[in-house]
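To keep things clear, I will list the structure first and then write my remarks on it.
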Amino acid sequence: MTTRSLGRLRRTDFPYYAAHPDAVYLDSGATSQRPETVISAETDFVGADYAAVHRGSSVATGEATWAFETARERVAAFIGAGERELVWTAGATDAINMIALGISDASLGLGSADLALSAGDEIVVTEAEHHANLIPWQRLAARTGAVLRHVAVDADGLWSLDGMRREVSPRTRLISFPHVSNVTGQIAPVADIVGLAAEVGALTVLDACQSVPHMPVDFSTLGVDFAAFSAHKMLGPTGIGALYGRAELLDVLPPARTGGSMITTVTMEHAEFLPAPNRFEAGTQPVSQAIGFGAAVDYLASLGMSDVRSHEEGIAEALVETVTRTPGVRLIGPAPGDERAAIASVIVDGVHAHDVGQFLDDRGVTIRTGHHCAQPLHRALGVPATVRASASVYTDLDDVARFGEALGEVRDYFGVTA
Amino acid sequence: MTTRSLGRLRRTDFPYYAAHPDAVYLDSGATSQRPETVISAETDFVGADYAAVHRGSSVATGEATWAFETARERVAAFIGAGERELVWTAGATDAINMIALGISDASLGLGSADLALSAGDEIVVTEAEHHANLIPWQRLAARTGAVLRHVAVDADGLWSLDGMRREVSPRTRLISFPHVSNVTGQIAPVADIVGLAAEVGALTVLDACQSVPHMPVDFSTLGVDFAAFSAHKMLGPTGIGALYGRAELLDVLPPARTGGSMITTVTMEHAEFLPAPNRFEAGTQPVSQAIGFGAAVDYLASLGMSDVRSHEEGIAEALVETVTRTPGVRLIGPAPGDERAAIASVIVDGVHAHDVGQFLDDRGVTIRTGHHCAQPLHRALGVPATVRASASVYTDLDDVARFGEALGEVRDYFGVTA
Amino acid sequence: MSGLDDLYRELILDHSRDPQGKGDPQAEAHSHHELNPSCGDEITMGATVDEDGAIASLHWEGQGCSISMASASVMSDLLAGASRDEALARIDEFREMLRSRGSVEPSERLEDAAAFQGVAKYVMRIKCAMLGWVALEACLMESAAT
Amino acid sequence: MSGLDDLYRELILDHSRDPQGKGDPQAEAHSHHELNPSCGDEITMGATVDEDGAIASLHWEGQGCSISMASASVMSDLLAGASRDEALARIDEFREMLRSRGSVEPSERLEDAAAFQGVAKYVMRIKCAMLGWVALEACLMESAAT
Ligand SMILES: Cc1ncc(COP(=O)(O)O)c(C=O)c1O
Ligand SMILES: Cc1ncc(COP(=O)(O)O)c(C=O)c1O
């Protein structure tokens, strides 16, 4: 039973649930299950008419070609971008690196001087970053002499607009931050930060991995300069993600990865690059994965992202309610009642996260334990690892209830006195 | 009918041929068809037990986990590498960029000084390069002040060991070259070049995109330092390729792409990286694609790569024989009788390559026209585009005959007098 | 008519063998170079627009497939002497016909250029057929701006 | 016995609640730090080998899950006082048992460490169980080299 109507969703659309109707899958923040339409979009494509997408005139070919060509349009439309503003990447990590490496090349004089960083320029991130939105900026800083600053998190793992305001200065050239934290579920005040960036003339990069799958997101309305997300967290395949960039920026950002299909004229000495998005798409692209990505976006769009968000708001409330009434369990992130994504990370008093995870797994509840690629955040929380439950469109209140039940038994099993 | 026995191959193993038994597919140099086992390896994996690979204890999970973990072992064993020497990448283009960007970081002081290039150091490539093995080195040269030199090709598009010897000097720090040219089918004298590199202390990079799918290749025996290849040209999925590197080099090459899962300890200031191969595998990996890649390698291994090579030698002979007896058609690459891969690129006198391609397509023959991502080579040949037929394990002599027949009719159709 | 014969109509093959309008584009007031990076076809188109806004002279050079060469040739016949606005309108019509996948019938105003209707079914060749037209469009835009 | 109870045997839970061998590893002749990057568990193991090649003293500190803590604890009981060669042999046996996916029965020589047999079925936990053992192995290698 779902919390609010997600009318067109059937759990059995997902082969995973068709095979395991009783599964409690609460690890969608790591990677999501895929509907049959996504799996078969790929299989159909690589089967009988695979080669044909490149050339040919059969009806089947026309359809495959159309499927590939329109996948970009559909994913772009889904996040409020023009077609030229949506670059296929290997994943969100790859997308963020593409920005950082491109700015690095610009700083070495291999491209637009506007994007170049100099020694003493500042980059600002948060202490809540996923490593994917932290290490690439550390490396960029090391290459250019720029300084990496960060907004600290509080005891609940939260960062604030005020904190950001304190770190941003006229030296700030770039602000990168998570739209939704993959650990705390905190939702960033994007418009305020875009405003702050505008005041000082800084670029903005949005790590949208945990927002695009779960709520309506329109990058052009949000006004960010760049954004990154991955298909495998939004019902799509692994091996593909996307970089969003405002067209005029993408046209001048140097391409970090070079090779075939991204050029106009190549001599032994020099290469000229195509305009965006193709200038970033060197080599054979993840063709079938793009088609799968398109199918995933179609599935989400058919549910309606506003409905998805209100469904997941219900799940989030239930998660918070369940966790806060379980003795010996500490919920991190936004306080009960405050806005959050359907992510709940907890610390069980006296039981290591790994042991909690193993116990829940034995009870048929799949969650994630560890630092969730956010070591600095966990260091700030004072624990090496947390236990994270995270939802998606197919998550229902029964899942939450069974998670809560198992969580309630953990401390007893490990003999921790309440 | 195949030229020599490829006993275990059935054309109907490939859904493409099951659907189109009469198809003449001669574009395997661009991308190959996939056997059903490859397609279903992926589908089975992402279906009923997708999440389970990360944790869990069911039998199905055990099998999925095993499939993922052993895919690397199997691909590594296939090309004579240790497990630690095989890095998953988004494709061959990505792999070559990873080397070039890594050396670039080393040169900026972000890693092993041994790999650093300085102004005036030299990189040597051939004029026959695919853009994927040219532009990344142009960019590396531009970043470091190194000089990019190249071995010229002759009127047939061939480069020679002697030519290479003339370009290599004590200033040479790196030699990158194609194992098999994707346009001419020329096979490089790898051992000689590795010897030449050893004399001057240069690193070697092998673009193995067109060799690994078609002949037995053992990188450690060949003695190259790095190599790159793509799954989609060897019966596997798009969206995945591999970087081979000798373990001691991979452990010190800086990772160009950073993020989750490639680190040990991360603070806001600094990140420590895992040893190879994981240090290069930032972010969620192309998991299902790795499993498909493993299945592709299993299929090829079951045929036996020596048998694949002798089968394709027969196809190559037939291609050469057919093309050379067609009036008004010029074959580029190695002379008839000389060793070549089963690739035949031709120029039809008086008819533009695109028009040839369209005509052949109409006759049901799929080939490739264009510069095949090798503009400098085509400039040397004096044409903007050629027509390329390329084979794989499923290619048979009937394919070659039907290609020859259609090729013989082209000039007549376009009204070119013989 | 087979698909192929519908693409390579006699008129197109004739023009590709004996292209019209060839000459030095640099001698015109405006010139523009267009390249199809996927196949290397290229055309440099030159045009001079007189004070009444008519195309007084138009010459091009280039190399490429029969579709791109014939298309530039047919366009030269059609648009030499036309007014800038008329020419831009014809270029739009031509583009619309090609991109329609066959659903848009060519207007009579396209005259011989209607022969390229068959290209609409060959997505990979639309760029070839457009090459010269896009180059002329750029010349006309430039002439309007100066 | 359910799968879970087979993993978390009473002996393991007891050791995890009251770990043996804890103490300052830096006070020993050789010490080594091991980290499991996927979960952040870490152990620093210290050992002093006497002139006869026996482990005269062994102390560790660390934090982590019950499996990693209990395993280091059981190992301390088992190997304190053992000869270097004996200890290395036991480490190998322990590793072999864990990696066998259940196919290798623990040797009697592993004594209480046999209780970790159930870990073999939980691929993700093998690294936890090995953490202290790998750290001691490094200490012993170092002591042999000096
Ligand atoms: C010789 C050669 N090198 C590199 C590449 C690039 O491979 P990919 O496009 O799969 O990255 C190709 C294939 O196009 C090739 O044939
Ligand atoms: C907030 C956030 N950023 C970045 C990433 C990296 O995404 P991927 O591993 O798909 O590249 C993730 C997912 O792990 C994430 O949750």
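Proteins come first, then strands; the chains are lettered A, B, ... in the order of their sequence lines, and each starts at number 1. Because only heavy atoms are used, hydrogens play no part in the values below, and waters and symmetry mates are left out as well, while side chains stay in.
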Next item on the list: May I ask you to decide if B:Ala271's main-chain N or O and A:Gln375's side chain share a donor-acceptor pair within less than 3.5 Å?
Entry: no
Notebook entry, point to check: Tell me, side chain or backbone of A:Gln138 under 4.5 Å from chain B's heavy atoms, or both, or neither?
Noted result: side chain
Check: Which one of A:Glu36, A:Glu129, A:His20, A:His130 has the most heavy-atom pairs closer than 4.5 Å to chain B?
Finding: A:His20
Next item on the list: Sort out for me which of B:Leu108, B:Val266, B:Thr89, B:Ile39 touches chain A most, counting heavy-atom pairs under 4.5 Å.
Entry: B:Val266
Check: Do you know which of A:Asn133, A:Leu101, A:Thr265, A:Ile240 has the most heavy-atom pairs under 4.5 Å to chain B?
Finding: A:Thr265
Notebook entry, point to check: Given the rule in the side chain to side chain contact (heavy atoms under 4.5 Å, CB included) test, do A:Glu269 and B:Leu148 qualify, once you have shown the distances and angles that lead to the verdict?
Noted result: CA-CA 8 Å; A:Glu269 290 73 35; B:Leu148 182 65; over 6 Å; no
Margin query: If you count heavy-atom pairs within less than 4.5 Å of chain B, which of A:Ile263, A:Ile135, A:Ile96, A:Thr258 leads?
Written below: A:Thr258
Notebook entry, point to check: Where is the tightest heavy-atom contact between A:Ala90 and B:Ala90, given as atom of each residue plus distance?
Noted result: CB-CB, 4.0 Å
Checklist line | Contact check, side chains of A:Val46 and B:Gln33, non-hydrogen atoms, under 4.5 Å | finding: no
Next item on the list: Check whether A:Ala18 gets within reach of chain B through its side chain, its backbone, both or neither, counting any heavy atom under 4.5 Å.
Entry: neither
Next item on the list: Pick one of side chain, backbone, both or neither for B:Arg257, based on which atoms fall under 4.5 Å of a heavy atom in chain A.
Entry: both
Item checked: Contact origin within A:Ser107 toward chain B - heavy atom pairs under 4.5 Å -> neither
Note to self: Which atoms of A:Pro255 are under 4.5 Å from chain B, going by heavy atoms: the side chain, the backbone, both sets, or neither?
What the structure shows: both
Note to self: Within the 4.5 Å heavy-atom criterion, are B:Ser261 and A:His131 side-chain neighbours or not?
What the structure shows: no
Margin query: Which one wins on heavy-atom pair count under 4.5 Å against chain B: A:Met268, A:His372, A:His150, A:His270?
Written below: A:Met268
Notebook entry, point to check: Between B:Pro136, B:Ala92, B:Ser28, B:Ala100, which has the largest tally of heavy atom pairs under 4.5 Å with chain A?
Noted result: B:Pro136
Checklist line | Leading residue by heavy atom contact count with chain B [cutoff under 4.5 Å; candidates A:Ser288, A:Gly260, A:Cys373] | finding: A:Gly260
Checklist line | Euclidean distance, A:Ser104 OG relative to B:Arg143 CZ, rounded to 0.5 Å | finding: 7.0 Å
Note to self: Just so I understand: if I count every heavy-atom pair under 4.5 Å between each of A:Ala256, A:Ser40, A:Gly91 and chain B, which residue has the most?
What the structure shows: A:Ala256
Checklist line | Heavy-atom contact with chain B under 4.5 Å, split by part of A:Asp105 | finding: side chain
Checklist line | Side-chain heavy atoms of A:Arg139 within contact of B:Leu110, under 4.5 Å | finding: yes
Item checked: Min side-chain heavy-atom separation A:Thr93-B:Thr284 under 4.5 Å -> no
Checklist line | When B:Trp137, B:Trp88, B:Phe273, B:Tyr17 are compared by non-hydrogen pairs under 4.5 Å with chain A, the top option | finding: B:Phe273
Check: Can you find a heavy atom in the side chain of B:Thr43 that is under 4.5 Å from one in the side chain of A:Glu42?
Finding: no
Check: Are any non-hydrogen side-chain atoms of A:Thr267 and B:Arg379 less than 4.5 angstrom apart?
Finding: yes
Item checked: Polar side chain donor-acceptor pair, A:Thr238 to B:Gln285, under 3.5 angstrom -> no
Checklist line | Under 4.5 Å from any heavy atom of chain B - which part of A:Val125 | finding: side chain
